[in-house]
Protein chains: 2
Amino acid sequence: MSLESVPPKYAQLVQTLQRRIEAGDYPPGTMLPSENQLIQEFGVSRPTVVAALRVLREQGWIESQQGKGRFVRGRPALARAEQPRPGHAYLTTPETGSPGEVLEAGAQAVPNRVAALLDLPAKSRAFLRRRLVVRDGEPSEIVSFWLPLELSEGTDLTSADALADSIRGHLQARKGVRVDHIIEQITARMPSTDEAKRLGMPKNTPVLDVYAAVRDASGRAFVVVNVLLPADRHELEDAYPISSAS
Amino acid sequence: MSLESVPPKYAQLVQTLQRRIEAGDYPPGTMLPSENQLIQEFGVSRPTVVAALRVLREQGWIESQQGKGRFVRGRPALARAEQPRPGHAYLTTPETGSPGEVLEAGAQAVPNRVAALLDLPAKSRAFLRRRLVVRDGEPSEIVSFWLPLELSEGTDLTSADALADSIRGHLQARKGVRVDHIIEQITARMPSTDEAKRLGMPKNTPVLDVYAAVRDASGRAFVVVNVLLPADRHELEDAYPISSAS
DNA sequence: GGCTCAAACTTGGTAAAACAACCTGTCGGC
DNA sequence: GCCGACAGGTTGTTTTACCAAGTTTGAGCC
């Protein structure tokens, strides 16, 4: 009675080989059995074997060299960079998850850089929500969200309390906008005296200044997230795989 | 006489269809010609057509629905973030591509941070090649490569001239090491007086300090690339897609 | 007229075969 | 001993063929 559709043979082969690599039957660096050996062992045709091996290669489990064979790389740990980038993190984490203090929440004239990212005319106004985040009892970073005025209407962003919802979830639920990708720009500069005071920074210490333009599928930015990180307490980390082809 | 290898047929088909989508011959939302139509038009077999369409689907150009057909989505916004990250860029670009001056090339005591990344004991020695890169006639950035001593033996890295080969290509050819992935750490700090002088930096300007640990498939770092970027002239940019699932 | 169902389309998957390109040994001649 | 030719292995690409599964359409029946 099993109406459950059985997965295609090549997909089963992919799973089997993945499990063997993870179990250590095929240790990283060693050679995988050749196509002919796999054909014999599993009793399938060559196109089926090749289809499975192609999937494994595209997912980063193995590498192949014409004339030599296929080599095990291991589980593609960071196949797709999954570390939390700052822009993404602040966009999806509810404010209630970390203590802090709302510094500003209202319309303001936008800085030039934010205007350019949001594609607004220079010196126009936009909605700003700025928050000082506290970690371990000490001021840690300043997070600012810039939105076009029409996007801020009908939201809870003017509240002085921490938002229980993430900015992303909030905007998607209330305004129907969908995040497609984010472009981050990382700079360093000296903090203003006000910033240095709020962050409790020692003298002569720079800040990392991250601008994240949050864009929809058409490439239009509808939110800019700005994060100010004292360089003596924060650093940014990023990991990415290198394709052997290039 | 053309020894230039012609690309395989399915790859040519991929290119042709991509160009047609971009040119508007196949507008987004419309249906692509069926497999049989493509077989007739291009005079190739069905597996070749299917292989090309599979690539397009995996890259996000089209969607397919069994029983109905394949639908054009348009150019994939930024399928895989392909911007040059600093660590990768300096690892794969030959030094001869940009003018500059070799500052140091020899064994040195390693800084703590580099020792930790290379998994070397503190205060041990490693090979350092440091170079001042010049852009538009002005000093632009300082790039340093740290290698364990055994990896630097038998290479041209001690040369005071610019290397015609990339560091990555050099090491792969001479020592057989293969790059698998890179982990980058980005910090900001004030430059030392020596660094500020070499880079011709104005007073009170910080530098972006990027450490890139270049690792093989087993996770062992065998090169650390350090880049020092004056913050008044450089910023880092990174783009990444957001999975709609999360 | 409206419903049913079969035919004809679509994409998805498997099998068998052949050739090409590449790597690595071995065997031979020099 | 050294070097090249060659044989046998590997993966890469292409073709032919057939069946399965999903969708649409239209012909035929009620």
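Below, chain A is the first sequence line, B the second, and so on; all start at residue 1. What you are looking at is a predicted structure, and each value in this text was computed from that prediction instead of being measured. All values below come from the heavy atoms of this structure, side chains included, with hydrogens, waters and symmetry mates left out.
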**Item:** Below 4.0 Å: OP1/OP2 of D/dG12 and any side-chain N or O of A/Arg57
**Value:** yes
**Distance below 4.0 Å between A/Asn36 side-chain N/O and D/dT10 OP1 or OP2** = yes
**Request:** State whether a side-chain donor-acceptor pair under 3.5 Å links B/His234 with B/Ser140.
**Result:** yes
**Message:** Suppose we screen for salt bridge (Lys or Arg N to Asp or Glu O under 4.0 Å). Which residues come up paired with B/Glu101, at least two apart in sequence or across chains?
**Reply:** none
**Asked** Is the shortest side-chain N to carboxylate O distance from B/Arg233 to B/Glu141 below 4.0 Å?
**Response** no
**Item:** Gap between atoms CG and P, on A/Leu56 and D/dG12 respectively (whole Å)
**Value:** 13 Å
**Asked** Do the charged groups of B/Glu35 and B/Arg46 touch, with an N to O distance under 4.0 Å?
**Response** yes
**Request:** Using atom CD of B/Glu35 as one end and atom P of D/dT15 as the other, report the distance to the nearest whole Å.
**Result:** 14 Å
**Request:** Without swapping roles, check the side chain of A/Asn226 against the backbone of A/Val210 for a donor-acceptor pair under 3.5 Å.
**Result:** yes
**Request:** Find out whether B/Leu151 and B/Phe222 are in side-chain contact, i.e. whether some heavy atom of one side chain is under 4.5 Å from a heavy atom of the other.
**Result:** yes
**Message:** Using a strict threshold of under 4.0 Å (side-chain N to carboxylate O), is an ion pair present between B/Glu41 and B/Arg20?
**Reply:** yes
**Request:** Summarise protein proximity over nucleotides 16-24 of chain D in one line of letters, 5' to 3': B for base, S for sugar-phosphate only, - for none, counting protein heavy atoms closer than 4.0 Å.
**Result:** B-B--BBSS
**Item:** Opening and closing nucleotides of DNA chain C in contact with chain A, under 4.0 Å to non-hydrogen atoms
**Value:** C/dG13 to C/dT24
**Asked** Within the structure, does a side-chain N or O atom of A/Ser34 lie under 4.0 Å from either OP1 or OP2 of D/dG9?
**Response** no
**Asked** When the distance from CD of A/Glu63 to P of D/dT11 is rounded to whole Å, what number comes out?
**Response** 14 Å
**Message:** Side chains of B/Gln185 and B/Arg113: any donor to acceptor distance under 3.5 Å?
**Reply:** yes
